[in-house]
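None of these values were measured; they are calculated from a predicted model. Below, all heavy atoms of this structure are taken into account, side chains as well, without hydrogens, waters or symmetry copies. Throughout, a chain's letter reflects where its sequence line sits, starting with A, and its residues are numbered from 1.
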Number of protein chains: 2
Amino acid sequence: MSKVSIRTPDIVIGRLPIYLRVLEHIASNGTRVTSSQEMGEHLGISPAQIRKDLSHFGEFGKQGTGYDVVYLRKQLQRILGLQQDWDVALIGAGAVGKAIMRYAGFRGRGFHIAAVFDNDDSKIGRKINNLKILHVNVLKSTIHQMGIRMAMITVPSEQAQKVADMLVEASVEAVLNYAPVNLIVPPEVHVQHIDPVVGLQHMTYYLSSYSTLTQG
Amino acid sequence: MSKVSIRTPDIVIGRLPIYLRVLEHIASNGTRVTSSQEMGEHLGISPAQIRKDLSHFGEFGKQGTGYDVVYLRKQLQRILGLQQDWDVALIGAGAVGKAIMRYAGFRGRGFHIAAVFDNDDSKIGRKINNLKILHVNVLKSTIHQMGIRMAMITVPSEQAQKVADMLVEASVEAVLNYAPVNLIVPPEVHVQHIDPVVGLQHMTYYLSSYSTLTQG
DNA sequence: TAGATTGTTAATCGATTAACAATC
DNA sequence: TAGATTGTTAATCGATTAACAATC
């Protein structure tokens, strides 16, 4: 029996970007050293969990001292593959797409929108943020040519699945979907959803009488 | 020993809006009856988990048949407190705030942006979507007057915590935060984050060499 | 040195799944 | 009736936490 290497749980991977965000926040205060205790307070997560999560990837701290903020941040960036920026394609140059194009928060956190597509002829050739809107019929060729591996979908719900199929066909491996529908893609393609309504609905449960009337 | 009523796990509550979204999708196809099997296929969730989750709240299906789509949808809406729309305040009338104001996806899913605030004098009094931008110095009084219980934060990161403090002071109970910082609020206040970068960073882990070189 | 905090183990806790009687 | 699918129990699986030796 050889030792079996255990794959790091996805739920742990999902917390790493949050840890990274906290470290960026702490660093922006000029703080040089932090601890699992301090990070946990920012996040409402137990210090033990943070240490356990990090232990999947190595030893990054010093007993008695804690973690060097800059060093741990670099390590997390390396683990998440954020040493260089990733080119991302955006499909859908409507209101949401435009807002994302103009959103400054991607640069500096590992991402760069490198191509924009739409199917509305009247939009093709126009520029958003100095980037020409391309027709979706050149999506596959452009994505291949540019070596793009990630995409964001900002088209209306009815068209989201069709766009997802095109992206899969173009060998895109990761999709951030802003349309409030659940995409069906092959298992090797990663999908994350951005749906503000889901977050709001989650919270209304606790604000409405249901939880308090029927439970604690 | 009296029977102890177990509080439904938060992770279950978090899946209900997803189930609701799938039901809306299924209903939009004109389908009348569905099953845990079919819902699970849409979501990549096991049928057993869906049934278990629903069983926390009652019995909504028929053996041998499945679930009436319209009925189950109504029940989920009731459980989540979505029988009526919730008024939501939005703080930050910048690019992100404007895009959200114009986003059509809130109406019809339980939410209505009822007030917009900013601290930029040049914006006060202007209208977005027919709603006058108010100064943050009337935030507390307006929110009280209108009975608003939820808010969205779309201000720059540096100001997000300050705004969160104001919202807590105004007795807001639930906050959807678009700024990429972790807010510190009292435990009775609910917070959800919208940070597209977190979703992207989660996926780059799997696209980068780290996971494949060191693991599976 | 004394105090603090890590990394890790073992125990606990909680969530998911498999299986099946009930029944439409 | 035969087939399908629910709701629920018990078993399994996995994640979190408590505790502490190691050590800065």
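- Under the ring pair (Phe, Tyr, Trp, His ring centres under 6.0 Å) criterion, the residue pairs touching residues 12-52 of chain A are A:His25-A:His42, with sequence neighbours excluded.
- Annotation: ring pair (Phe, Tyr, Trp, His ring centres under 6.0 Å) contacts of A:His202 (sequence neighbours excluded): none.
- Considering only residues two or more places apart in sequence or on other chains, B:Asp68 meets the salt bridge (charged side-chain N to carboxylate O under 4.0 Å, His left out) condition with none of them.
- Two residues, A:Thr65 and A:Val12, neighbour DNA chain D, and the one matched to the more 5' nucleotide by heavy-atom proximity is A:Val12.
- A:Leu183 pairs with exactly one of A:Asp165, A:Val168, A:Ile153 by the side chain to side chain contact (heavy atoms under 4.5 Å, CB included) rule, that one being A:Ile153.
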With Watson-Crick and G-U wobble geometry limited to distances under 3.5 Å, how should the secondary structure of DNA chain D be encoded in dot-bracket form, using | for bases paired to another strand and [ ] for crossing pairs?
..||||||||||||||||||||||
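- Not counting sequence neighbours, the partners of B:Asp195 by the salt bridge (charged side-chain N to carboxylate O under 4.0 Å, His left out) test are A:Arg21, A:Arg109.
- Residue pairs satisfying the ring pair (Phe, Tyr, Trp, His ring centres under 6.0 Å) criterion with at least one member in residues 170-196 of chain B, sequence neighbours excluded, are listed as follows: A:Tyr206-B:His190.
- When the salt bridge (charged side-chain N to carboxylate O under 4.0 Å, His left out) test is applied to B:Glu169, the partners found at least two apart in sequence or on another chain are B:Lys140.
- Remark: B:Ser35, B:Ser36, B:Arg51, B:Lys52 in residues 25-53 of chain B come within less than 4.0 Å of DNA chain D through at least one heavy atom.
- Once you apply a 4.0 Å limit to the heavy atoms of chain B, the touched nucleotides of DNA chain D run 5' to 3' over D:dA4 to D:dT9.
- Both A:Asp10 and B:Gly58 sit near DNA chain D, but only B:Gly58 has its closest nucleotide nearer the 5' end.
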Tell me which donor-acceptor pairs under 3.5 Å the side chains of residues 34-41 of chain B have, and how far apart each pair is, sequence neighbours excluded?
residue, atom, partner, partner atom, Å
B:Thr34, OG1, B:Glu38, OE1, 2.4
B:Ser35, OG, B:Gln37, N, 3.4
B:Ser35, OG, B:Glu38, N, 3.1
B:Ser36, OG, B:Arg51, NH1, 3.1
B:Gln37, NE2, B:Glu41, OE2, 2.9

Hey, can you pull the donor-acceptor pairs under 3.5 Å for the side chains in residues 82-104 of chain A, sequence neighbours left out?
residue, atom, partner, partner atom, Å
A:Asp85, OD2, A:Arg107, NH1, 3.2
A:Trp86, NE1, A:Gly81, O, 2.7
A:Asp87, OD1, A:His112, ND1, 3.1

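- Within the structure, side-chain hydrogen bond (donor to acceptor under 3.5 Å, both in side chains) pairs that include any residue of residues 149-158 of chain B comprise B:Arg149-B:Glu173 (at least two apart or interchain).
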